[in-house]
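Below is one structure; the comments refer to it alone.
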Number of protein chains: 4
Amino acid sequence: MRSDSQAAGQKPRSFIEDARRAQIVTSAVETLAEHGYAGTSLARIATRVGISKGVISYHFAGKDELIEQLVEQIYGRISAFVAPEVKREQTVVRRLAARFRALANYASTHRAEMVALTEIFNNLRDSNGQLRYGDGYNEDLYQQLEEEFRAGQATGELRSFDTRVMAVTAQAAIDAMIAYSDTNPDHDIGAHASELALLFEHAIKAPTTAPPQET
Amino acid sequence: MRSDSQAAGQKPRSFIEDARRAQIVTSAVETLAEHGYAGTSLARIATRVGISKGVISYHFAGKDELIEQLVEQIYGRISAFVAPEVKREQTVVRRLAARFRALANYASTHRAEMVALTEIFNNLRDSNGQLRYGDGYNEDLYQQLEEEFRAGQATGELRSFDTRVMAVTAQAAIDAMIAYSDTNPDHDIGAHASELALLFEHAIKAPTTAPPQET
Amino acid sequence: MRSDSQAAGQKPRSFIEDARRAQIVTSAVETLAEHGYAGTSLARIATRVGISKGVISYHFAGKDELIEQLVEQIYGRISAFVAPEVKREQTVVRRLAARFRALANYASTHRAEMVALTEIFNNLRDSNGQLRYGDGYNEDLYQQLEEEFRAGQATGELRSFDTRVMAVTAQAAIDAMIAYSDTNPDHDIGAHASELALLFEHAIKAPTTAPPQET
Amino acid sequence: MRSDSQAAGQKPRSFIEDARRAQIVTSAVETLAEHGYAGTSLARIATRVGISKGVISYHFAGKDELIEQLVEQIYGRISAFVAPEVKREQTVVRRLAARFRALANYASTHRAEMVALTEIFNNLRDSNGQLRYGDGYNEDLYQQLEEEFRAGQATGELRSFDTRVMAVTAQAAIDAMIAYSDTNPDHDIGAHASELALLFEHAIKAPTTAPPQET
DNA sequence: TATGAATGAGCCTTCATTCAT
DNA sequence: CATGAATGAAGGCTCATTCAT
């Protein structure tokens with residue numbers, strides 16, 4: 001959460017510089033959300049801010065750097081929002097539920113950011129044609145989730161299952177929740193998150209032989 | 001499953017015509033899988049077949065028709081492959097497992113097709129900027145799944161839950177399985193499908209305590 | 001008016017050959033009238049006849065030859081229709097009137113031909129970029145008219161004036177009549193022709209000093 | 001006759017912008033005159049100025065806007081040149097003569113402009129295939145001329161005739177004069193204009209039976 | 001004779017990028 | 001810092017023409 005991407009020994013950015021960059025990133029987010037990846041040209045981003053195309057090239061090395069900045073910033077904000085919510089809970093099941101809930105909250109109040117992020121993840125490629133955010137970025141999330149699951153399995157809270165498949169599926173459930181509520185604005189994403197919590201509770205909890213439930 | 005999109009009263013397509021069209025569609029699939037949506041130009045598709053750009057325009061009304069043909073064909077093939085596998089099973093849980101299994105099988109042997117389809121679904125937009133296959137296509141799948149779930153709930157095989165959320169999540173689980181195994185070629189997608197089957201069995205089956213139901 | 005453009009020593013064209021050529025020329029005329037010069041492609045001409053593009057190339061050396069055939073044929077028909085009407089009259093003034101009348105008649109019953117001809121005259125160019133029918137074709141008409149005028153001036157029927165300017169203007173009056181009635185289908189082209197006759201009668205007749213008029 | 005087409009509240013165009021636009025319009029005029037409508041591509045226009053194709057797209061929304069600008073500008077210049085010459089005269093006959101003379105002058109010094117305008121009028125079509133400047137533009141001229149004629153008829157200066165036919169013919173005479181002198185550069189267009197003046201004087205003036213008159 | 005198939009050039013447009021001012 | 005101007009490549013598409021069958 002500090003001075004995003006500023007190689008050491010670099011001259012620090014001025015205030016106005018930072019303001020412009022933020023302004024441009026915001027415009028890029030909105031443009032991506034509205035027109036999709038292919039429909040997002042520098043011209044469109046610039047027009048939305050009311051500046052000339054050249055300004056963007058001036059502040060960013062190129063379209064790619066702009067987008068990378070965007071991803072870093074949004075990603076940072078989401079983590080900052082979700083992490084404390086998760087940490088506060090005591091069991092794996094509840095932590096997972098908290099994750100669903102927090103992301104649903106964030107997504108419902110930052111729709112454009114989520115859409116923009118998805119567009120980029122699905123489309124941005126490096127010069128070799130490989131997806132820029134193909135796997136590495138999800139890998140982080142997968143490992144966090146797997147760690148949780150393994151811990152829960154160790155304590156006996158959770159049944160035995162393939163943690164990687166579960167992580168992939170849980171993350172997919174989150175992404176789908178966000179995408180679905182994005183194309184169906186009337187959808188109750190909060191309820192969706194609760195349902196997911198219950199779904200995965202059933203899916204991962206160890207069967208309680210004798211005594212009843214707690215939840 | 002025959003005569004894909006051939007308006008009645010239309011002159012039937014010649015053998016060579018069909019061959020070329022198929023060849024071009026195949027090339028489009030591969031190009032999409034390899035270079036992504038934005039990287040798929042008529043020029044690239046043509047080069048891969050070793051023909052000139054104009055040939056594509058000759059056989060298809062335009063890029064749009066080519067892509068729609070592609071979607072129809074692939075979609076048809078997948079349905080044709082999956083449907084009988086699913087129908088053969090007797091319980092909802094087993095039918096869902098069969099669906100996971102069949103799709104995993106298909107995906108593992110038709111990787112490019114799955115990727116191409118995803119690229120198109122995520123990116124193709126109509127002239128108003130709306131996603132061409134935004135929701136309608138998934139809606140079909142969702143309704144099939146919901147019907148299953150509701151039937152299972154009616155017979156008491158399944159517990160009570162929000163069928164829409166479950167459908168969205170199940171479909172997302174499938175997509176994620178395919179996408180994951182696509183970026184991780186060593187991944188055992190068959191095992192993944194089995195895990196999913198188990199995961200959702202836990203998630204949807206009515207608890208078999210002793211006697212009837214609760215919830 | 002014989003076997004249009006068939007170089008000596010050429011194999012005579014078969015019946016079917018001629019039929020096809022006529023059919024194609026007709027289609028070209030209609031297409032030109034309907035879509036204009038730029039909108040007239042071989043594909044469109046072929047489609048209208050219900051044949052394939054290649055057929056045209058087979059019967060004509062190229063687009064240019066097709067169009068030249070078209071011009072020759074239409075031109076021939078017009079001459080064949082107009083000439084006898086003109087010849088029948090005894091004075092220059094009446095011959096000019098007859099010309100107006102005959103062309104108005106022809107144009108009103110062969111609208112498409114007139115439009116097609118205009119489109120070609122205005123647009124067809126040779127490989128050097130020069131208008132193919134820029135001047136030469138009108139030159140013929142001009143000389144016919146000038147001859148009339150000079151004869152009339154010699155007999156004293158007509159006043160003295162620049163015959164070339166008068167010829168150019170008379171021809172322009174005809175073309176404008178046709179063009180105007182083409183864009184204004186309700187226009188009474190017959191009346192228009194009569195008005196033109198009167199207009200030019202006033203413009204060219206020698207002033208009758210003593211005795212009254214005849215007309 | 002200022003600020004051609006510049007929507008209110010629009011940022012005014014810079015000096016260099018205006019210069020480029022003018023330069024491009026000029027090149028378009030020359031290209032049209034030289035190569036005709038079909039032979040006029042953005043590439044050719046750009047090459048003539050020595051710039052790249054993209055520059056045109058940068059300064060004009062598209063080919064259509066460029067052509068409309070061209071028409072507006074040329075049309076404006078002609079009107080500005082002709083109108084005062086006509087207004088200065090006191091009788092209809094003299095005003096018509098002045099019109100011939102002024103247009104002949106303008107055409108002889110702005111040959112390319114006249115040709116370009118004709119090319120566009122004859123060929124530019126909207127997306128429905130209808131001629132863009134089919135009738136409306138001439139309609140203006142026709143009505144001006146008819147008004148003159150009717151006024152002259154009311155005062156008794158002119159004989160009785162169909163004003164519409166006379167207007168169409170007078171305009172056609174002008175266009176033909178321009179076109180003819182364009183393909184025959186040695187032609188004396190000034191003399192042509194004088195001849196036309198005389199021609200139409202004879203054609204429209206009321207017969208002077210008894211009293212004075214001048215001519 | 002006729003056809004369908006293919007070609008290759010050209011068209012207009014969009015775009016990321018560069019650069020002088 | 002910011003801009004407007006320009007570039008050049010690439011994109012989808014149309015078209016006259018060629019050719020094997």
Side-chain angles (χ1 to χ4, degrees), chain A residues 13-14 16-17 19-21 38-46 49-66, chain B residues 11 13-17 19-21 38-46 49-66, chain C residues 13-14 16-17 19-21 38-46 49-66, chain D residues 11 13-17 19-21 38-46 49-66:
Chain A
R13 272 195 273 280
S14 77
I16 188 163
E17 163 86 7
R20 261 282 186 263
R21 287 173 70 98
T40 297
S41 64
L42 292 192
R44 201 124 54 178
I45 297 172
V49 196
I51 58 179
S52 97
K53 251 189 318 178
V55 185
I56 298 182
S57 297
Y58 178 79
H59 287 285
F60 296 91
K63 201 191 193 189
D64 289 2
E65 201 218 323
L66 163 57
Chain B
K11 202 187 324 186
R13 268 195 277 280
S14 75
F15 167 72
I16 188 163
E17 164 85 4
R20 258 284 185 261
R21 284 175 71 98
T40 298
S41 65
L42 293 191
R44 196 118 64 175
I45 297 172
V49 195
I51 57 181
S52 96
K53 250 191 319 177
V55 182
I56 298 182
S57 294
Y58 176 76
H59 288 285
F60 295 90
K63 204 194 190 189
D64 288 0
E65 200 215 327
L66 165 56
Chain C
R13 272 196 274 280
S14 76
I16 188 163
E17 164 85 7
R20 260 285 185 259
R21 286 173 70 97
T40 297
S41 65
L42 293 190
R44 202 128 49 180
I45 297 172
V49 196
I51 59 180
S52 97
K53 251 188 318 178
V55 185
I56 299 182
S57 297
Y58 179 80
H59 287 286
F60 297 90
K63 201 192 191 187
D64 289 2
E65 202 217 322
L66 163 57
Chain D
K11 204 187 327 188
R13 269 195 276 281
S14 74
F15 167 73
I16 188 163
E17 164 85 5
R20 259 284 187 261
R21 284 175 71 99
T40 297
S41 65
L42 292 193
R44 199 120 58 178
I45 297 172
V49 196
I51 58 180
S52 97
K53 248 191 320 178
V55 183
I56 299 181
S57 294
Y58 177 76
H59 289 285
F60 295 90
K63 202 193 192 188
D64 289 0
E65 200 215 327
L66 166 56

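Numbered from 1 within each chain, the chains take letters A, B, ... in sequence-line order.
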Quick check: closest heavy atoms across [X] and [Y], and the distance to 0.1 Å?
X        : Y        : value
Thr40(D) : Lys63(D) : O-NZ, 3.1 Å
Ile56(B) : Leu42(B) : CD1-O, 3.6 Å
Lys53(C) : Ala43(C) : CG-CA, 3.6 Å

What is the separation between atom [atom1] on [X] and atom [atom2] on [N], rounded to the nearest whole Å?
X        : N       : atom1 : atom2 : answer
Lys63(A) : dA9(F)  : NZ    : P     : 19 Å
Ile16(B) : dT21(F) : CD1   : C1'   : 10 Å
Ile56(D) : dA5(F)  : CD1   : P     : 15 Å
Ile51(A) : dC1(F)  : CD1   : C1'   : 11 Å
Lys53(A) : dC19(E) : NZ    : P     : 15 Å
Glu17(D) : dT3(F)  : CD    : C1'   : 13 Å
Arg20(D) : dA20(E) : CZ    : C1'   : 14 Å
Phe60(A) : dT18(E) : CZ    : C1'   : 18 Å

For DNA chain F, whose closest nucleotide is more 5', that of Ala38(C) or that of Thr40(B)?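 Mapping each residue to its closest nucleotide by heavy atoms, the 5'-most match is Thr40(B).
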
Using the closest heavy atom to pick a nucleotide of DNA chain F for each, name whichever of Gly50(D) or Gly54(A) lands nearer the 5' end.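 Nearer the 5' end of the strand: Gly54(A).
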
Using both distances under 3.5 Å as the test, list the Watson-Crick or G-U wobble partner of dG10(E), or none.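 Check on dG10(E): paired to dC13(F), both distances under 3.5 Å.
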
Partner of dA20(E) by Watson-Crick or G-U wobble geometry, both contacts under 3.5 Å, or none? dT3(F)

Do any side-chain nitrogens or oxygens of Ser41(B) fall under 4.0 Å of OP1 or OP2 in dA10(F)? no

Would you say dG4(F) has OP1 or OP2 under 4.0 Å from some side-chain N or O of His59(D)?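 False: His59(D) side-chain N/O out of range (4.0 Å or more) of dG4(F) OP1/OP2.
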
Apply side-chain contact (heavy atoms from CB on, under 4.5 Å) to the pair Leu66(B) and Ile45(B), showing each step before the final yes or no. CA-CA 11 Å; Leu66(B) 165 56; Ile45(B) 297 172; 4.0 Å; yes

Nucleotide nearest [X] when distance is taken to its side chain, options [options]:
X        : options                  : result
Tyr58(B) : dT18(F), dG4(E), dT17(E) : dG4(E)
Ser57(D) : dT3(F), dT14(E), dT14(F) : dT14(E)
Leu42(C) : dC13(F), dA5(E), dT17(F) : dT17(F)
Ser52(A) : dT3(F), dA6(E), dT7(F)   : dT3(F)

Quick check on side-chain hydrogen bond (donor to acceptor under 3.5 Å, both in side chains): which of Arg20(C), Arg21(C), Glu65(C), Glu17(C) does His59(C) satisfy it with? Glu17(C)

